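Notes to accompany the following structure.
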Number of protein chains: 2
Amino acid sequence: MTRGAAQQTAHHTHNHKVCIEDALTTARDLCAERGVQLTPLREKVLQIVWRSHKPVGAYEVLDELARSHKSARPPTVYRALDFLMAEGLIHKIQSLNAYLGCVEAGAPHSGLFLICRKCGATEEIADPKLDAALDQASKRARFRSERRVVEISGLCAQCAA
Amino acid sequence: MTRGAAQQTAHHTHNHKVCIEDALTTARDLCAERGVQLTPLREKVLQIVWRSHKPVGAYEVLDELARSHKSARPPTVYRALDFLMAEGLIHKIQSLNAYLGCVEAGAPHSGLFLICRKCGATEEIADPKLDAALDQASKRARFRSERRVVEISGLCAQCAA
DNA sequence: GAAGCTGATGCTACACTATAACAAAGGCCC
DNA sequence: GGGCCTTTGTTATAGTGTAGCATCAGCTTC
Ligand SMILES: [Zn+2]
Ligand SMILES: [Zn+2]
Ligand SMILES: [Zn+2]
Ligand SMILES: [Zn+2]
């Protein structure tokens, strides 16, 4: 992980351009390595998702995309989002039906998301203890885990103050 | 928790009538204690959700409800589901947009759900270590946690075999 | 270079999930 | 009876996500 800035938390003020550049660079590198196509359309969608650290709905992406890409329709967006999720470049926040740029793209992981209900900022956290607890619980139930959703809603440090 | 049978896991074979009866009895008691109305409509919806240990979609509930309740419409169902969720009698499975009877109604809790992608059976588990890990992670991020979603998809013991 | 293949996008229509807004009905208190 | 609150009825619409097939561009193969 050479992308220091992208690992900043979802603080209210920081140089977010760095986050975006890092995310795009990482995405290009990863897709090149894997031999999959990060087309201009897909890159644009990734860029839109990365506009902020708030999860963004598919139809918000569509509205934004349509400014520069007149032929954009729901399938256009959903296909790009599906691609980006398959490559681990974005996550879907299930409790919001919205999408968020991944700050750990490349390393396979299943994050924990802290979602502020006031400002919307959402932070992705990796937590070995959480992983251990989930693995242990699955094992105890003899359940073969494949996909995880761990989301906590509440108030971020700034908004709670 | 005197409702032993409801604490059975989502095994493929068990006496599910006991689950339903336990859930309805608990619901009636809880609502009486709290002075809220478990009306016939709401009880019927709870019964429908408890038809199985698989999460059930709102429109499935509607179809089933409409058999005995001709005036049923989407708001009818969603209002009942909202009530049941507010009273902690059912949970929403966010990754499926579906609803599941709660096996620990009454005790405030935030469960872990193991969702079998093959048979659909979904088990709710309470896990102190998971709670501790989530509390710790929230605290470290100075995040004030309010609502949790923890869902694991995969294969249950029976379906993995 | 024509034919055929593959992956990506265009395009229309539709399915599924959820809520807004207001009316009507019933119980309860005074 | 009148006012209040909760629940349900009713119509319409908003929001989220897919199916299915056409087209196009790049590549391979002959
Ligand atoms: Zn940023
Ligand atoms: Zn906040
Ligand atoms: Zn059962
Ligand atoms: Zn199963």
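Bear in mind that the values here come from a model prediction, so they are computed numbers and not experimental data. Each chain gets a letter, A, B and so on, in the order the sequences are listed, and its residues count up from 1.
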Original post:
Atom CG of B:L84 to atom C1' of D:dT7: distance rounded to whole Å?
Top reply: 14 Å
**OP:** Return no unless some side-chain N or O of B:H69 is found under 4.0 Å from OP1 or OP2 of D:dG9.
**Re:** yes
Original post:
When the distance from CG of B:L96 to P of C:dC16 is rounded to whole Å, what number comes out?
Top reply: 16 Å
Subject >> Phosphate OP1/OP2 of D:dT7: any B:R42 side-chain N/O under 4.0 Å >> reply: yes
Original post:
For the side chain of A:P74, counting heavy atoms from C-beta on, which of D:dT18, D:dT8, D:dT16 is nearest?
Top reply: D:dT18
Original post:
Is there a side-chain contact between A:R147 and B:I152, using heavy atoms and a 4.5 Å cut-off?
Top reply: no
**OP:** Work out which heavy atom in A:L100 is nearest to a heavy atom in A:H53; give both atom names and the distance.
**Re:** CD1-O, 3.6 Å
Original post:
What is the nucleic acid contact for A:Y99, judged by heavy atoms within less than 4.0 Å: base, sugar-phosphate only, or nothing?
Top reply: sugar-phosphate
Subject >> Interatomic distance, B:L41 CG vs D:dG9 P [rounded to whole Å] >> reply: 6 Å
Original post:
Would B:E64 and B:K44 pass as an ion pair if we require N to O under 4.0 Å?
Top reply: no
Subject >> Stacking check B:Y59 vs C:dT17 (5.5 Å / 30 deg) >> reply: yes
**OP:** Using atom CG of B:D82 as one end and atom P of C:dA18 as the other, report the distance to the nearest whole Å.
**Re:** 10 Å
Subject >> Sugar-phosphate only, base, or nothing, as touched by A:K92 at under 4.0 Å among non-hydrogen atoms >> reply: sugar-phosphate
Subject >> C:dG7 phosphate, OP1 or OP2, under 4.0 Å from A:Q37 side-chain N/O >> reply: no
Original post:
Hey, is the side chain of A:S71 poking within less than 4.0 Å of OP1 or OP2 on C:dG10, counting only N and O atoms?
Top reply: yes
Subject >> Under-4.0 Å side-chain N/O to phosphate OP1/OP2 contact, A:T76 with C:dC11 >> reply: no
Original post:
Can you check the B:L81 CG to C:dA18 C1' distance for me, whole Å?
Top reply: 11 Å
**OP:** Decide, yes or no, whether a salt bridge links B:R148 with B:D135 under the criterion of side-chain N to carboxylate O below 4.0 Å.
**Re:** yes
Original post:
Under 4.0 Å between a side-chain N or O of B:N97 and OP1 or OP2 of C:dA18?
Top reply: yes
Original post:
Has the side chain of A:R79 got a donor or acceptor atom sitting under 3.5 Å from an opposite partner on the base of C:dG10?
Top reply: yes
Original post:
So which of A:L62, A:D63, A:V56 actually passes side-chain contact (heavy atoms from CB on, under 4.5 Å) with A:E60?
Top reply: A:V56
Original post:
Within this structure, what is the OH-to-P distance between A:Y78 and D:dA19, rounded to whole angstrom?
Top reply: 13 Å
Original post:
A:P75 has a side chain; which of D:dG17, D:dT8, D:dA19 sits nearest to it?
Top reply: D:dA19
